[in-house]
Structure formats: C-alpha cells, structure tokens
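A short worksheet on the structure shown next.
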Amino acid sequence: MSGNYYLEMLDINKTFPGAKVLNHIDFKIKPGEVRALMGENGAGKSTLMKILGGIYQKDKDSGRILIEGREVEINHVDDAKKYGISIIHQEISLAENMTVYDNIFMGCELDAGIRGFLNDKEMIRRAQAIVDELKVGIDVRQKVGELSIAKQQMIEICRALLSKAKVIVMDEPTSSLTQTEIEQLFEQIRKLKEDGIAIIYISHRMEEIFQISDSITVLRDGALIGTKKACELDNRKIIEMMVGRDLDNYMRSDAVFDIKDVCLEVKNLNNKKLKDISFTLRKGEVLGFAGLVGAGRSEMARAVFGIDRIDSGQILVNGREVKIRNASDAIRAGIGYVPESRKEEGLVLSNSIKFNLTISVLEQFIKGCFVNRKKEMELIDEYVNKLSIKMASAEQLVQYLSGGNQQKVVVSKWLATKPDILILDEPTRGIDIGAKTEIYHLIVEMAKAGVAVLLISSEMEEIMNLSTRIVVMYEGRIKAVLTEEETKKAVQEDIMWYASGRKKDEAE
Ligand SMILES: Nc1ncnc2c1ncn2[C@@H]1O[C@H](COP(=O)(O)OP(=O)(O)OP(=O)(O)O)[C@@H](O)[C@H]1O
Ligand SMILES: [Mg+2]
C-alpha cells in the first residue's frame, strides 16, 4: 500500500569496495512535500540521492524503488529522468566551455523533442527569462567557465527548474550563495511546492532547514535515524539525531585577539573585476570580507594569491613590495589560500588523503633523502581527529570522500602549513555543524598564534562571530571597512546595508 507517495525508496543498501555506506534506508516523499535530508559529513546523503538519480546502483538483490506505487528500475540517469527526477549535485557539473543557455537546456526534457526545433534566439530568450526570474544577473550567452561558483550554482538550479521534474533533489544548493540569493531560491521552492513538485533539500545550514522544509529525515553513518515533521524538531533535537550527542556552539566572547603590525597591505589594486582595492591586514587578526555573490571577494583573493592578473596596484608584505605573478610567488611570500572551488584549485582528487594533506608541508618531514613517516602520520592523525575526517584510511583517494570531508582535507592542508598570511574563501562550505565549530576554533587559534587571517564567507554569522574587522565589497569595490569598535557593535543589517551598495550616511 503506497498511501499517496510519489516516490518510495525501500530498504536501500549500498556497499562500496571495503565500506557499507547505506544500511536498510527507507525514504518516501509525497507530491508538494519539501523534505530536508540531514546528517554529518559522510553520513550517506549524496550516495542515497545518487542511487535515486541513477548515478550509483543500489546493492543487487536489495531494496526497491517505487514511483506512484509501481516498482521501477533506475539503472541510469535517463531512467531517473523518465520518472521525473532531477538532481542538482553538490559538485557543479556544468560544461564550462559552453554557454549558460546551452547548459540550461542540456539534459532537460526539451532536448529530446523541442530542442531540435528551437533556434538559438528562442533558447536564449527562454533561458534568460528563467535566469531573470531568479534574479541571477547574468547574460545567458556568457560561457559558464567565466562565472563564479555561486553563479554556476544558480545555473544548476535554473536547469532543474526547467526540467519539468516531479522530484527535485538539491544537494547543498546554497553552499556558496548569500542571503539574497537564498531568498530567491526559496521563493522558487515555494512555487514548485504549489505545483505539487516534491523537493529533497540537503543542507548543513540549520536556519534554512526550518525556513523551507515540511519534514526532516536524518541519516547517521549510513543508517536511518528517523523522519519527523519539522514542527516537532528544533536545532538541538536535530543535532542530537545527527551526532548522537549535544554540541556546544562557538561563541565569540571566548576569543581574545592580540593584534600586531600590518603584514599585508594591498594598495589600489585594479583588474578586470576589481576597482581600486586597498586594505591592510595585521598579524593576529581575522579580517572578514562580506558582500553579495559577485561582489568581487573571491576575485580579490585570487588577485592577491597570483591566480588572476593585476593591471595596476601594489601588494606589500611586511612593508616590502612583492611581485606576485603566480601561486608559487604567493606561497614564497608567506601566503596560504583555501580556495572557493576545491575541485579546481584545492585538491588533487585522484591522489590520496595523505598526499593532499601533506603536500605543502612535506619539507618539514624530509631529512636528507628520508621522509619522517612517523611525523607525517602524526600530522595526519591530528587533523583527521580534530575535524573528524571520515575516511577508510589515509591512503584512500580524495575523490571517494564525501563533499564535506574533501573540504576538510583542503582546510587541514593549509592550516598545517601555518603560513604568515592565510586567505580562506568559504572555508566551511558544506561542512557539518560539529566540524564547523572545530574549524572556527582552529581559525581563532591561528590568529592568536600571530597568523593574519583573511576570511571570505557568505555565512553572515561566520563573518560576524570570527572577524576582528569587517570589509564589505560591492561590485568589485570596497564599500566600507568597519573598525574594531564598529565590528563589535555591528549587526547583520549594517553589513547588508553596505553589501547592497549603499553608503554609511545614506538615509534608510
Ligand atoms: N565512489 C565511492 N567509493 C568509495 N566510497 C565512497 C564513494 N562515494 C562515497 N563514498 C563513501 O560513502 C560515505 C558516504 O558519502 P556521501 O557522499 O553519501 O556523504 P554525505 O552524507 O553526502 O556527506 P557530505 O555532507 O560531506 O556531503 C563516505 O564515507 C564516503 O567516503
Ligand atoms: Mg554529500
């Protein structure tokens, strides 16, 4: 008996070589229901959804999938599509060298029939209409590769909206979006809900879960802990279901900073995306960069780290001008960088956790032609334990880690390097609530030890709680720099005010 579920996944099991990652999972959803799927990094959320999407196959002779009460086989992405299942993946999967509109139309129902008859002009018109509705602010004729991660994420969402799906899975769709974009997405979710579309929503951001979901399913270590109505739960109860114990929240009050001399000075930096950027960063401080998606924060980081070209301007490290033409120059100048996109710049996916974690500190362990393996393992153990990186062994390839655990490896790699200046771009993207707190502690610890930290984050709370001063950017420019005093007193609305391009003294 199927009640009125659109989708039922019953007794689903999944084993990867050496690891059973899903155990007897039941998951059912009704039309128009918004279900949050929660659990710590590595709990099995993405794996369950990939089985639904035909990317992975469930273990043979185990479990069943029913659509409107009828058993179906989903062995391929096309099968999933046929049953109206559309997935926005955690890792962006767009074709970078194709245009936005090509990407939006690719893989959706339209391409079977209508696409053949649509001319480019019509595709551009339709794609632009959807993009505009989500207020993404891009020209759909642009190449995807030219867009920021956040905008790419919005394109993935547009693509799903166009696919006429019955079930839309969103695997951390908001991980690099800011409040405004998230609101727009939620607006769309509400519309989809009215149209009877079921949404499966994966996120580590608690406040989002309560804003948008009707019900919540929690997984822990590949097991189903339970499904409950959102109104029966609160933060504490969910955390307890997820981790099996209570967690203390990170409080700013226990951090005392000892801020010293300026160690990084950026003067009148200009390039294609940046206009006259000037700021100073001191030893022992956490300088927070706030702003909307596309405000130029990541571009600023990329320019300072030598990835993007600088047209004019100066970078001074400890009072001396340095020419940074590439990442090696930056590292030599004592700068470390946790990039926004771990896939491109942060990790060698086809290599082991051990390799990735120690690649930038290996010199420390080398004596003559020997590597001190014991020391190396100690370092790995330290971070694996601190951030609870869930892995089979340190030899496991990074590509087989869950999204959040990959991010933990990137962050660990740079924390271990102990650079003089550390740029963190969305360091807790996709990281679960327990490990997040641990990263906050590590950031504060580093600053206290004299490291100058530059923190870019779209999570306002993170910026507000960790920063000693806050810089707000808007359209490639710095709109405001809050003093320490102002930062202490600032509320989110103040930051949003500048982030939307307004000035201090403009009347509300
Ligand atoms: N292709 C694979 N081969 C081997 N192990 C895998 C593979 N894909 C995932 N795993 C393992 O399965 C477990 C569940 O991973 P999954 O990606 O489903 O977690 P998740 O709940 O989505 O976590 P996150 O919040 O970090 O995204 C992890 O321990 C992961 O290492
Ligand atoms: Mg995942």
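In this chain, residues are counted from 1 in sequence order. Start at 1 and go down the list; that is how both ligands and their atoms are numbered.
- Here K386 pairs with E382 in a salt bridge; the nearest charged N to carboxylate O distance falls below 4.0 Å.
- One finds a salt bridge joining E395 and K354 here, because a Lys/Arg side-chain nitrogen approaches an Asp/Glu carboxylate oxygen to under 4.0 Å.
- Here the options are K228, R35, K193, the test is salt bridge (Lys or Arg N to Asp or Glu O under 4.0 Å), and the partner is D214; only K193 passes.
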Taking a 3.5 Å cut-off between nitrogen or oxygen atoms, can you list every pair linking ligand 1 to the protein, with distances?
unit_1   : atom_1 : unit_2 : atom_2 : d
ligand 1 : 1 (N)  : Y56    : OH     : 3.4
ligand 1 : 10 (N) : Y400   : O      : 3.3
ligand 1 : 18 (O) : S46    : N      : 3.4
ligand 1 : 18 (O) : T47    : N      : 2.9
ligand 1 : 18 (O) : T47    : OG1    : 2.5
ligand 1 : 19 (O) : G44    : N      : 3.4
ligand 1 : 21 (O) : A43    : N      : 3.2
ligand 1 : 21 (O) : G44    : N      : 2.9
ligand 1 : 21 (O) : K45    : N      : 2.8
ligand 1 : 21 (O) : K45    : NZ     : 2.8
ligand 1 : 22 (O) : S46    : N      : 2.9
ligand 1 : 22 (O) : S46    : OG     : 2.8
ligand 1 : 23 (O) : G42    : N      : 2.8
ligand 1 : 23 (O) : K45    : NZ     : 3.4
ligand 1 : 23 (O) : S402   : OG     : 3.4
ligand 1 : 25 (O) : N41    : ND2    : 3.0
ligand 1 : 25 (O) : K45    : NZ     : 2.7
ligand 1 : 25 (O) : H204   : NE2    : 3.0
ligand 1 : 26 (O) : N41    : ND2    : 2.9
ligand 1 : 26 (O) : S402   : OG     : 2.7
ligand 1 : 26 (O) : G404   : N      : 2.7
ligand 1 : 27 (O) : Q90    : OE1    : 3.2
ligand 1 : 27 (O) : Q90    : NE2    : 2.8
ligand 1 : 31 (O) : Y400   : O      : 2.8

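- Residue S46: an N/O/S atom is found under 2.8 Å from the Mg ion (ligand 2).
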Open item on the list: For D59 and K20: C-alpha separation, side-chain torsions, deciding distance, then whether salt bridge (charged side-chain N to carboxylate O under 4.0 Å, His left out) applies.
Closed with: CA-CA 10 Å; D59 289 351; K20 182 146 195 209; 5.0 Å; no

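- For the pair E8 and K30, the salt-bridge criterion is not met [side-chain N within less than 4.0 Å of a carboxylate O].
- A salt bridge does not link D171 with K50: every distance from a Lys NZ or Arg NE/NH1/NH2 to an Asp or Glu carboxylate oxygen is 4.0 Å or more.
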